[in-house]
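See structure below.
Within every chain, numbering begins at 1; the chains are lettered A, B, ... in the order of the sequence lines, protein sequences first and strands thereafter. Note that this is a predicted model, so its numbers are computed, not measured.
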There are 2 protein chains.
Amino acid sequence: MEVYHFYSGGKDSSLSAYILEKMGYDVKLITVNFGLLDSWRYAKETAERLGFKHEVVFLDKIILEKAMEMCIKDGHPNNAIQFIHERALEEIAKRENVERISDGTRRDDRVPLLDQRKTRSLEDRFKVQYIRPLLGLGYKTIRELTEKLFVVEVKESEELEKSDYEVELRHLLREKGIDPLTIFPRRHYQSRVLGWRLGEPF
Amino acid sequence: MEVYHFYSGGKDSSLSAYILEKMGYDVKLITVNFGLLDSWRYAKETAERLGFKHEVVFLDKIILEKAMEMCIKDGHPNNAIQFIHERALEEIAKRENVERISDGTRRDDRVPLLDQRKTRSLEDRFKVQYIRPLLGLGYKTIRELTEKLFVVEVKESEELEKSDYEVELRHLLREKGIDPLTIFPRRHYQSRVLGWRLGEPF
């Protein structure tokens with residue numbers, strides 16, 4: 001039972017990868033990149049430390065450019081992030097060999113989040129199962145589990161050593177002469193998963 | 001990390017118990033009963049076959065009677081089932097020693113289902129984590145996992161060898177001279193988990 005799991009190297013996508021593996025799936029991690037930055041390498045490094053198979057999937061830069069336009073028009077990144085994630089899910093779901101896709105969406109997330117209609121539409125159009133192991137977990141539960149499982153590094157930094165959509169989106173904004181801080185809220189801290197706290201649990 | 005998991009002996013609550021155990025929780029199964037029937041014994045038997053700790057929690061019959069009145073007024077059982085489940089969650093959540101509660105709510109369920117507001121209210125009022133391992137899983141995913149994990153018996157029957165709220169609610173309606181079929185949809189088949197397909201997976 002293979003599952004293709006969207007992976008950023010962060011706590012949520014690492015915790016959901018752990019749960020999927022424990023549920024008996026053959027977990028294949030996927031990090032999406034648009035070819036602007038090598039920000040995918042943080043996710044790849046963490047995936048290797050955790051012992052998961054990992055693949056970088058390069059998507060068309062047009063998606064990121066369209067997302068950037070949405071950002072600028074809206075003055076906030078929510079619709080843009082939602083747009084990128086929906087396109088990314090579709091790109092993987094449409095692959096011939098893919099039967100199951102997954103991500104780290106949490107109960108308390110607002111974006112990216114597919115509602116019931118979009119979830120069923122994705123599953124029906126591409127004949128896939130879309131699995132979200134954290135959707136029924138609140139932030140306290142997720143915090144307790146990640147603290148128990150992972151060594152996490154917290155840094156005070158605007159620089160994102162991360163592999164999520166935001167990194168390249170900020171970069172593209174800067175390239176167009178737009179300060180990302182006019183669109184994204186300021187981040188004081190960022191966290192990164194460095195490895196298992198007590199060795200590989202599988 | 002103890003979790004008190006609402007358990008009916010059915011496929012959903014068995015699958016979610018499995019996932020919780022795999023996530024590293026110390027799983028305590030709970031079956032709610034109102035003292036009318038010994039329908040809890042189906043859940044207890046299945047819990048024992050699967051190797052989980054199990055406890056029957058007897059709740060005040062007033063809850064069931066109020067639910068019955070809702071059934072009769074509405075002509076369908078949805079609000080009644082929702083009402084019972086909310087009261088049951090609160091009864092366990094309010095216990096001194098309980099930090100985590102859980103149930104088998106699925107992505108495609110309509111009742112019982114706590115929305116975001118009710119979920120957060122439950123967690124805040126009783127200082128608990130409310131965990132729903134199946135909330136991010138669709139019916140195909142759940143079917144695939146349960147078929148892989150469990151030996152399931154399917155019977156053509158109106159008689160429910162089950163330990164869910166419906167059994168005692170139907171009984172109470174019959175006691176009052178009301179045919180449950182005027183309120184509940186007719187069930188042609190019912191399924192029961194009989195044990196692990198490939199031995200205990202822990």
message: Does any backbone or side-chain atom of B/L145 lie under 4.5 Å from a heavy atom of chain A? Answer side chain, backbone, both or neither.
response: side chain
query: How long is the span from the NZ atom in B/K22 to the CD atom in A/E21, to the nearest 0.5 Å?
result: 10.0 Å
- prompt: Once you round to the nearest 0.5 Å, how far does OG1 of A/T141 lie from CE of B/M1?
  reply: 9.5 Å
query: What pairs with B/L135 under side chain to side chain contact (heavy atoms under 4.5 Å, CB included), at least two apart in sequence or on another chain?
result: B/T105, B/L113, B/R132
- line: Residues passing the side chain to side chain contact (heavy atoms under 4.5 Å, CB included) test with A/L20, sequence neighbours excluded, are A/V3, A/H5, A/Y25, A/V27, A/S102, A/I131, A/P133
- line: Greatest number of non-hydrogen atom pairs under 4.5 angstrom with chain B, of A/I19, A/L134, A/L149, falls to A/I19
query: Would one find more than 12 heavy atoms of other residues, nucleotides or ligands at under 6.0 Å from atom NZ of A/K44?
result: yes
- prompt: Pick one: which of A/K140, A/E144, A/R143 meets side-chain hydrogen bond (donor to acceptor under 3.5 Å, both in side chains) with B/Q129?
  reply: A/E144
message: Nearest 0.5 angstrom please: B/R110 CZ to A/Q116 CD, how far?
response: 11.0 Å
- line: Taken to the nearest 0.5 Å, the spacing of A/R120 CZ from B/R107 CZ works out to 6.5 Å
message: Could you check whether atom CD of A/E99 has more than 12 heavy atoms from other residues, nucleotides or ligands sitting under 6.0 Å from it?
response: no
